[in-house]
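So the structure is just underneath, and the comments pick up after that.
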Amino acid sequence: MTQPLPPQYNPSSIESELYQWWTERRLFSPDSHAPGSGEPYVIMMPPPNVTAVLHMGHGLNNTVQDVLIRFERMRGRRALWVPGTDHAGIATQNVVERLLAEEGLTRFDLGRDAFVDRVWEHVRETGPAILEQLKAIGCSADWSRTYFTLDEGLSRAVREVFVRLYEQGLIYRGHYIINWCPRCLTALSNEEVEKDEVAGHLWHLRYPLADGSGHLTVATTRPETMLGDTAVAVHPADERYRHLIGRDIRLPLVERLIPIVADEAVDPSFGSGAVKVTPAHDPADFEIGRRHSLPGIDIMTPEARISLAAPERFQGLDRYEARRRVVAEFDTAGLLERTEEHRHAVGHCYRCGTVVEPRLSDQWFVRMEPLARPALAAYREGTLRFVPERRGDDYEAWLEGIRDWCISRQLWWGHRIPVWYCEAAGCGQVSVSRTDLDTCPGCGGPVRQDEDVLDTWFSSWLVPFSSLGWPDRTRDLATFYPGHTLVSAPEILFFWVARMIMSGLHFMGQVPYRDIYLHGTVRDTQHRKMSKSLGNGIDPLEVVERYGADALRYSLISGMSVGTDVILDPNDLEASFASGRNFANKLWNAGRFILSNLNGPTRPLAGSHPHVVRREELTLADRWIIARCDATVTEATEAYQRLRLNEAAGAIYHFIWSDLADWYIEQVKPRLYGDLPGGDVARAVLARTFDVSLRLLHPTMPFITEALWRRLPGRSDTASISVAPWPAPDTRAHDDQALEEFGLVQELVSAIRAVRAEYGVQPGQPVRAVVSGDNRVTVGALEQERSTILRLAKLSAFSFGESRERAGGHAVLSEGTAVFVPLGDAIDVGRECGRLGTEVDRLVRLVESQEKKLGNEQFVSRAPSDVVERERQKLVTWKEQCEVLVKKRELLGCV
RNA sequence: GGGCGAAUAGCUCAGCUGGUUCAGAGCGCCUGCCUUACACGCAGGAUGUCGGGGGUUCGAAUCCCUCUUCGCCCACCA
């Protein structure tokens with residue numbers, strides 16, 4: 001403990017050891033500290049995919065959560081951060097399928113059971129490595145409560161929810177057009193389809209009338225689907241086509257007769273006003289087909305190749321191949337009227353990027369409107385708070401237009417749908433069951449379980465209660481539901497965040513959290529989202545290794561603000577993370593200095609101790625730093641509470657670096673070094689303000705603050721800053737007078753330094769300074785810190801009054817007094833005249849505009865009197881400053 | 001096509017309900033300094049028609065309208 005600290009902070013030698021110490025002491029569990037006391041505070045971690053590797057997005061997301069959970073933990077709440085991983089149906093299945101592909105195998109070679117075993121094996125082998133990586137960045141989640149969405153417990157919750165929703169009529173099976181990924185070979189929900197604008201074409205095709213009396217032109221972006229056309233639709237009121245309604249078209253290439261029908265859904269102003277209708281491959285056409293009892297012809301295989309339902313020469317062709325072929329044949333037949341360039345939105349699979357094919361199939365759906373209604377009401381009643389607020393608009397709009405949720409997936413990895421179909425002839429019973437069935441509950445005959453699994457989000461939308469033991473009524477559930485803050489990337493607002501609110505309201509009767517913090521995206525300097533495929537990512541662990549977890553965290557937090565993205569440079573880690581590293585090192589060295597000076601007896605600053613520091617023992621500088629420290633406590637606390645993490649970090653940074661290190665430590669040195677009186681007071685103030693600094697900073701930079709805090713005198717070996725009480729604002733520390741008076745000292749020192757720099761006075765060479773003016777407050781303040789001023793401005797002498805000397809540098813302080821630094825021959829009089837002239841000009845302009853303002857009858861009569869008074873004061877000060885400088889110029893003999 | 005948001009120093013952004021943070025911070029840049037906590041540092045310095053135009057007001061970076069440019073979300077004009 002008394003070992004000297006190295007002059008450079010070395011995070012890697014400290015972090016893992018500290019993390020281990022924290023977990024050994026179970027500091028991250030709400031069960032182990034202050035049980036029963038303090039209101040719970042709960043955050044549900046967005047569960048990363050079980051196969052995921054930590055990227056910057058995780059880094060940002062989890063750092064934000066950790067800052068909040070550590071803040072509330074120190075504030076005395078029973079803070080619980082629940083971690084977990086998601087089985088991530090499609091993503092994980094794809095990973096293992098790729099591994100199999102390396103062996104030249106497909107999942108079909110293994111068969112369902114063996115494949116699922118293989119996935120489990122992979123998941124167990126690689127383990128949720130990402131959770132270990134989260135520890136490396138300091139995340140203080142309660143690892144004893146870690147869940148996996150395919151755990152027995154969560155699976156039970158999934159089944160319970162499925163059965164209940166089914167019994168409530170909110171889950172149904174239906175034959176509809178869904179989004180189909182021909183690569184993943186599964187249905188997708190609407191949310192899992194990413195719409196991207198692409199440059200495509202609009203082909204205008206001629207469809208001849210069956211009787212040979214002419215043709216109708218239809219326009220399409222997907223000509224290959226014409227192979228499945230079963231009608232052409234026109235608007236019933238469209239005069240151009242009215243006479244054709246009910247007549248037949250001879251569908252080219254297929255030579256099928258299809259009717260011309262009238263339907264309101266057709267927009268007569270688009271294209272030719274006639275639409276080809278493909279009920280099996282387009283949602284709008286599906287509806288039209290329904291209304292007119294049209295057959296749907298599925299002309300595609302699951303892989304999006306042309307099926308046996310199309311003419312033989314097209315069979316087996318890839319959809320794009322078929323597209324070219326169809327267009328070519330229309331062209332050859334003289335039926336291609338024209339081809340237009342056409343930009344339109346095309347859906348892509350969010351997992352593999354393949355263009356999604358609308359496809360008619362049997363799937364399971366959740367009826368969402370009844371679930372959405374309460375979720376919408378909760379928002380409108382103000383039960384939910386979005387940060388940034390405008391995200392609430394997205395939430396509201398999504399719920400208002402909500403569509404049913406397709407929850408079945410044609411995958412093998414996931415929660416199997418708990419539905420059994422009776423295979424006994426003539427029974428046909430469909431059983432939805434909490435437990436596995438072997439026989440039909442109706443007839444006792446053999447049953448077959450539904451082949452499909454559930455959407456991975458069907459388990460994660462339950463975690464706010466399923467991870468706490470639901471459907472059992474556990475103690476955890478009673479204590480920690482509902483939670484408080486949900487921190488997420490905006491991308492999963494609809495996938496996860498909004499659905500959790502719906503399930504929470506439906507099954508628990510309360511929203512799972514009130515605050516929803518949607519942070520920005522991590523991007524590179526060209527504002528592109530960091531991604532594996534672009535190769536513009538930054539590995540957080542590399543940053544931890546090179547700069548430390550605290551530096552990573554600080555750089556992320558300080559670089560973000562509510563509603564904006566975080567920009568990092570993947571090609572220059574130094575540019576992105578040096579600020580955090582430098583700050584850590586600065587703090588380390590301030591700590592080194594302070595700790596090495598805290599030997600010997602210490603005295604408390606407050607309390608009933610017999611040797612408590614009395615107020616009158618404090619110097620102006622002491623009072624100033626105590627007041628600044630207190631203001632920082634208030635500022636940082638409020639900022640953390642308002643989720644303005646960068647503001648909190650900024651306030652603490654400024655206090656530690658500028659106030660404490662640059663000014664107070666410099667001021668206090670002689671009192672510590674020499675045997676000057678007041679050394680013990682200085683030590684008490686240093687110890688106190690440094691302690692507070694560390695605690696304020698701990699949520700953002702947990703490792704270094706712990707390392708330093710433990711070394712403060714009087715700490716027991718078991719005390720951890722992570723559960724130390726959060727600093728409270730102290731009204732006794734308020735001291736506006738000290739803030740103002742020490743502010744003058746700072747201003748004077750800076751002014752003299754500026755003069756020195758301006759005239760290139762050698763750093764070692766002392767100069768004198770004369771402060772004019774007879775303001776007693778000013779004189780009193782500066783007199784109190786005379787030795788500080790002498791030392792920090794490197795003065796040989798410092799006096800009040802008027803100097804007769806001509807040559808020197810001049811400056812005015814904000815309250816109107818002037819400082820003169822005689823420099824004799826060292827200065828160039830002409831240069832100083834110029835400098836003063838510029839300053840005078842600036843003041844003259846200010847004075848003029850101010851006089852104009854105050855001369856304005858309207859302003860004086862309409863503006864509030866205190867504003868007018870303030871403006872008058874400004875004018876007076878500027879005039880004084882101006883006069884002082886003009887006098888100086890005269891003295892110098894400036895022209 | 002509908003909805004929402006943003007535009008302030010070279011870069012990333014503060015600037016909340018008009019007037020004491022009013023033109024700011026950090027980084028970068030320029031000039032001196034290896035001053036016994038720290039060169040990952042210290043001290044000093046330069047930099048802006050607050051996107052364009054109009055309006056409201058005694059007063060606008062801040063409120064309103066409009067244009068321009070960039071984002072985000074949603075959407076079955078085939």
Side-chain angles (χ1 to χ4, degrees), chain A residues 5 7-9 177 190 195 202 218-222 225 233 265-267 269-278 282-288 342 344-345 358 388-398 400-401 490-491 493-494 521 525 527 547 551 558-561 563-569 574-576 578-597 642 644 646-647 650 653-654 661-662 665-666 669 673 749-750 753-758 760-764 792 794 853 856-864 866-868 870-871 873-874:
Chain A
L5 303 175
Q8 269 198 3
Y9 174 54
I177 295 268
N190 298 319
K195 292 289 182 69
L202 193 57
V218 298
T220 180
T221 54
R222 294 185 295 150
T225 62
V266 178
D267 176 2
S269 64
F270 186 87
S272 64
V275 188
K276 60 189 276 309
V277 181
T278 323
D282 184 281
D285 292 5
F286 176 75
E287 294 302 325
I288 295 175
H342 185 65
H344 60 140
E389 249 176 82
R390 68 189 148 80
R391 291 291 181 185
D393 294 342
D394 294 343
Y395 172 85
E396 192 176 20
W398 183 74
E400 281 172 342
E491 294 96 88
L493 174 59
F494 306 137
T521 306
T525 47
H527 293 210
Y547 300 96
S558 67
M560 63 179 281
S561 69
T564 63
D565 294 332
V566 176
I567 312 292
L568 298 172
D569 189 346
E574 189 73 13
S576 304
S579 64
R581 189 262 325 262
N582 294 353
F583 182 39
N585 196 57
K586 184 71 185 181
L587 180 67
W588 182 255
N589 277 286
R592 241 161 42 96
F593 175 83
I594 291 168
L595 291 170
S596 67
N597 282 289
R642 292 170 54 226
R644 312 287 279 234
N646 62 323
E647 289 179 22
Y653 177 96
H654 182 267
D662 288 348
I665 287 181
E666 292 309 322
K669 277 176 178 173
Y673 292 156
V749 170
S750 296
R753 283 171 175 169
V755 168
R756 295 181 65 109
E758 176 78 16
V761 178
Q762 289 303 307
L792 298 186
K794 293 181 178 146
K853 192 181 210 174
N856 184 338
E857 192 66 34
Q858 301 276 19
F859 173 69
V860 179
S861 58
R862 297 211 188 187
D866 59 317
V867 171
V868 176
R870 254 197 324 260
E871 297 300 312
Q873 271 312 317
K874 274 196 215 165

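Convention: sequence-line order gives letters A, B, ...; per-chain numbering from 1.
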Rounding to an integer number of angstrom, what distance separates [N] and [M] when you compare their [atom1] atoms?
| N | M | atom1 | result |
| --- | --- | --- | --- |
| B/C50 | B/A14 | C1' | 13 Å |
| B/C64 | B/C16 | P | 13 Å |
| B/C67 | B/G2 | P | 13 Å |
| B/C38 | B/C30 | P | 25 Å |
| B/C63 | B/A9 | C1' | 26 Å |
| B/G24 | B/U62 | C1' | 15 Å |
| B/U17 | B/C65 | P | 15 Å |
| B/C13 | B/G48 | C1' | 15 Å |

Under 4.0 Å between a side-chain N or O of A/His342 and OP1 or OP2 of B/A78? yes
Does the side chain of A/Ser750 get closer than 4.0 angstrom to OP1 or OP2 of B/A43 through an N or O atom? no
Dot-bracket notation for RNA chain B, counting Watson-Crick and G-U pairs under 3.5 Å, with | for partners on another strand: (((((((..((((.....[....)))).(((((.......))))).....(((((..]....))))))))))))....
In whole angstrom, give the distance that lies between atom [atom1] of [X] and atom [atom2] of [N].
| X | N | atom1 | atom2 | result |
| --- | --- | --- | --- | --- |
| A/Tyr653 | B/G41 | OH | C1' | 12 Å |
| A/Trp398 | B/C72 | CH2 | C1' | 17 Å |
| A/Gln858 | B/U57 | CD | C1' | 10 Å |
| A/Glu574 | B/C27 | CD | P | 13 Å |
| A/Arg753 | B/A43 | CZ | C1' | 6 Å |
| A/Lys195 | B/G2 | NZ | C1' | 14 Å |
| A/Tyr395 | B/C73 | OH | P | 19 Å |
| A/Phe270 | B/G1 | CZ | C1' | 12 Å |

Quick check on [N]: syn or anti? Syn means the glycosidic torsion is within 90 degrees of zero.
| N | value |
| --- | --- |
| B/U36 | anti |
| B/U35 | anti |
| B/U66 | anti |

Mind checking [X] for me? I need base, sugar-phosphate or nothing, with any heavy atom below 4.0 Å counting as a touch.
| X | value |
| --- | --- |
| A/Ala345 | base |
| A/Arg756 | nothing |
| A/Ala757 | sugar-phosphate |

For [X] versus [Y], what's the shortest heavy-atom pair and its separation?
| X | Y | value |
| --- | --- | --- |
| A/Leu5 | A/Arg592 | O-NH1, 3.1 Å |
| A/Gly273 | A/Val266 | O-CG1, 3.4 Å |
| A/Leu202 | A/Phe270 | CD2-CZ, 4.0 Å |
| A/Thr278 | A/Thr225 | CG2-O, 3.2 Å |
| A/Thr525 | A/Ile567 | CA-CG2, 3.9 Å |
| A/Leu493 | A/Asp394 | CD2-CB, 4.1 Å |

Under 6.0 Å from the ring centre and within 45 degrees of the ring axis: does the NZ or CZ of A/Lys669 meet both conditions for the six-membered ring of A/Phe593? yes
For nucleotides 31-37 of chain B, which of its nitrogen or oxygen atoms have a protein nitrogen or oxygen under 3.5 Å away, and what is each distance?
unit_1: B/A37; atom_1: OP1; unit_2: A/Lys669; atom_2: NZ; d: 3.2
unit_1: B/A37; atom_1: OP1; unit_2: A/Tyr673; atom_2: OH; d: 3.4
unit_1: B/A37; atom_1: OP2; unit_2: A/Tyr673; atom_2: OH; d: 2.8
unit_1: B/A37; atom_1: O3'; unit_2: A/Arg592; atom_2: NH2; d: 3.2
unit_1: B/A37; atom_1: O2'; unit_2: A/Asn589; atom_2: OD1; d: 2.5
unit_1: B/A37; atom_1: O2'; unit_2: A/Arg592; atom_2: NE; d: 3.3
unit_1: B/A37; atom_1: O2'; unit_2: A/Arg592; atom_2: NH2; d: 2.5
unit_1: B/A37; atom_1: N7; unit_2: A/Lys669; atom_2: NZ; d: 3.4
unit_1: B/A37; atom_1: N6; unit_2: A/Ala661; atom_2: O; d: 3.2
unit_1: B/A37; atom_1: N6; unit_2: A/Glu666; atom_2: OE2; d: 3.1
unit_1: B/A37; atom_1: N3; unit_2: A/Asn589; atom_2: O; d: 3.1
unit_1: B/A37; atom_1: N3; unit_2: A/Ala590; atom_2: N; d: 3.3

Is the number of heavy atoms from other residues, nucleotides or ligands under 6.0 Å of A/Glu491 CD greater than 12? yes
CD of A/Glu389: more than 12 outside heavy atoms within 6.0 angstrom? no
Test your reading of the model: is there a side-chain donor-acceptor pair from [X] to the backbone of [Y], 3.5 Å cut-off?
| X | Y | result |
| --- | --- | --- |
| A/Arg581 | A/Tyr547 | no |
| A/Arg756 | A/Lys794 | yes |
| A/Ser576 | A/Asp569 | yes |

Can you classify the ring geometry of A/Tyr9 versus A/Trp588 as parallel (below 30°), tilted (30 to 60°) or perpendicular (above 60°)? tilted
Taking for A/Arg581 and for A/Thr221 the nucleotide of RNA chain B with the nearest heavy atom, the one nearer the 5' end belongs to A/Arg581
On RNA chain B, compare the nucleotides closest to A/Asn582 and A/Phe494; which residue's is nearer the 5' end? A/Asn582
Are A/Ile665 and A/Ile594 close enough that some pair of their side-chain heavy atoms sits under 4.5 Å apart? yes
For a quick check, with a 4.0 angstrom heavy-atom cut-off, what is the B/S/- contact string for nucleotides 4-22 of chain B, read 5' to 3'? SS------SSSS---BB--
